[in-house]
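Reviewing the structure listed below.
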There are 2 protein chains.
Amino acid sequence: MSRKVSDSTIRRLSLYLRILEAMERKGGGTVSSVDLAAAADTTAAQVRKDLSLFGSFGKRGLGYQVADLARQVRDILGLSRRWRVALVGAGRIGSALFEYESFRRRGFEIVTVLDNDASKVGQRWGEVEVQDTADLDRVLRDADVEVAILTVPAGAAQEIAEQVVGAGIRGILNFAPAQLRVPDGVFVQDVNMVMELEALSFDLTNRVASAGRSTE
Amino acid sequence: MSRKVSDSTIRRLSLYLRILEAMERKGGGTVSSVDLAAAADTTAAQVRKDLSLFGSFGKRGLGYQVADLARQVRDILGLSRRWRVALVGAGRIGSALFEYESFRRRGFEIVTVLDNDASKVGQRWGEVEVQDTADLDRVLRDADVEVAILTVPAGAAQEIAEQVVGAGIRGILNFAPAQLRVPDGVFVQDVNMVMELEALSFDLTNRVASAGRSTE
DNA sequence: AGGTGTGAACACTTTCACAGCA
DNA sequence: TGCTGTGAAAGTGTTCACACCT
């Protein structure tokens, strides 16, 4: 269907959806591209361009129906369904993500947890039991998951990635600081918190001289 | 000094640095833009353009001295120093980040932790004691921090952001799903894990039809 | 020969501005 | 009149290709 959709557009659609759902909770009604842009910290033209890539959802002179548009954006992003997710790596970060309510609310359900640490295997985490990474292929196939969250050490990430791909996973949310090599048709999203702090460090070091006043 | 540096360039510099440091550990020597590009999954021209924004670090016919270039990139990113960091929000994610060794290794030191939950205030976390958010201004000034990591609920994020800015913080790593409004001269980096999963969901829904074969 | 540094060409993204519908 | 949807213009980021140094 729609081609040439940039990553920035996708990120903005996520953001629009978050805003629209907040508006929905506050009563709904209609919203203009100007309103949405203000909330999303972008321009009205940008909002309209982003949406126009997928269809005509507004009414000229009126704006967009909040609830309608929210549903449309959910459909575009593929969020009108549940996603079964595997968590590989039961360390501190993995454990925090397992409890993270925002994933579940959005329909991402962690249905299985794996680790290679014998002291963790067998632990009960809520409804699930931590499985051994040695059984990864079987566990992932049995659990019927399509997405894997990797919170393993950088050194293990590539090997685990290959294993989850072998088990049929097509989407990976990668927390390991490693450039994963995956076959065509498999998608990787990296979350690199150190990189974000480094970007802050750069900004603080280079983009500002004096405190307070910006060099616009 | 150097103007017009894009966010993508900064992200790539972080990546180059990670790769260079791995090479350093394996012995160092020299590296060409072709090698670096292969490891960073980009092009040689891109590597040279990125670096050329900040100076001439290579030797024609030879390439770059690994250890030298690593040091240069660290300087560019402002990583040749320690950064004192405050963690606001002592929940699951905050606690995982507090233990996260990669921050410390990179020179980001969490020197104070705050929360508004009375049951958490006073807890000992390693070397530090969890402080009350009510005392945020005093605590942050006493601790002499420049960067804050926010792992608070979305609803509280804007208010906390204003408080940390008021206390003199100029860099915020924001984990809350909220668009923070901050004055000029303050930098915000968002980490939004739900958004990353939503991007994966989009890819899996729209960018692939059959399993395995890509539509290149 | 080998590989950097860089202007010029190209590709992509955002903004402008306005025709057209409610 | 008010606001969308969209071609065209402007602006940014990436790739090409080659002069130049070692």
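This is a predicted model, so every value here is computed, not measured.
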Which side-chain N or O atoms in residues 52-63 of chain A pair as donor and acceptor under 3.5 Å with protein atoms at least two apart or in another chain?
residue, atom, partner, partner atom, Å
A:Ser52, OG, A:Arg48, O, 3.4
A:Ser52, OG, A:Lys49, O, 2.8

Do the side chain of A:Thr205 and the main chain of A:Ser201 share a donor and acceptor less than 3.5 angstrom apart? yes
Contacts of B:Asn192 that satisfy side-chain contact (heavy atoms from CB on, under 4.5 Å) - sequence neighbours left out: A:Arg18, B:Pro177, B:Val194, B:Met195
What pairs of donor and acceptor atoms, side-chain ones from residues 97-107 of chain A against any protein atom, are under 3.5 angstrom apart with sequence neighbours left out?
residue, atom, partner, partner atom, Å
A:Ser102, OG, A:Arg105, NH2, 3.4
A:Arg106, NE, B:Glu198, OE2, 2.5
A:Arg106, NH1, A:Glu21, OE2, 3.4
A:Arg106, NH2, A:Glu21, OE1, 2.9

Among B:Leu69, B:Ile76, B:Val73, the one residue meeting side-chain contact (heavy atoms from CB on, under 4.5 Å) with B:Leu17: B:Val73
SB check B:Asp137 B:Arg141 (cutoff 4.0 Å): yes
Under a 4.0 Å heavy-atom cutoff, the residues of residues 57-80 of chain A touching DNA chain C are A:Arg60
Rounded to whole Å, how long is the line connecting atom CZ of A:Arg11 with atom P of C:dT13? 14 Å
With no hydrogens and no angle check, do the side chains of A:Thr42 and A:Arg12 hold a donor and an acceptor under 3.5 Å apart? no
Restricting both atoms to N or O, compile the protein contacts to nucleotides 11-18 of chain D shorter than 3.5 Å, with distance only.
residue, atom, partner, partner atom, Å
D:dT14, OP1, B:Arg12, NH1, 3.2
D:dT14, OP2, B:Arg12, NH2, 3.1
D:dT15, OP2, B:Thr43, OG1, 3.4
D:dT15, O4, B:Lys49, NZ, 3.1
D:dA17, N6, B:Arg48, NH2, 3.3

N-O pairing of A:Arg74 and A:Asp68 below 4.0 Å: no
Which of residues 17-39 of chain B sit near DNA chain C, with a heavy atom under 4.0 Å from it? B:Ser32, B:Ser33
I'd like to know whether CZ of A:Arg11 has more than 12 heavy-atom contacts from other residues, nucleotides or ligands below 6.0 angstrom. no
What heavy-atom pair brings B:Ala199 and A:Gln189 nearest, and what distance separates the two atoms? CB-NE2, 3.6 Å
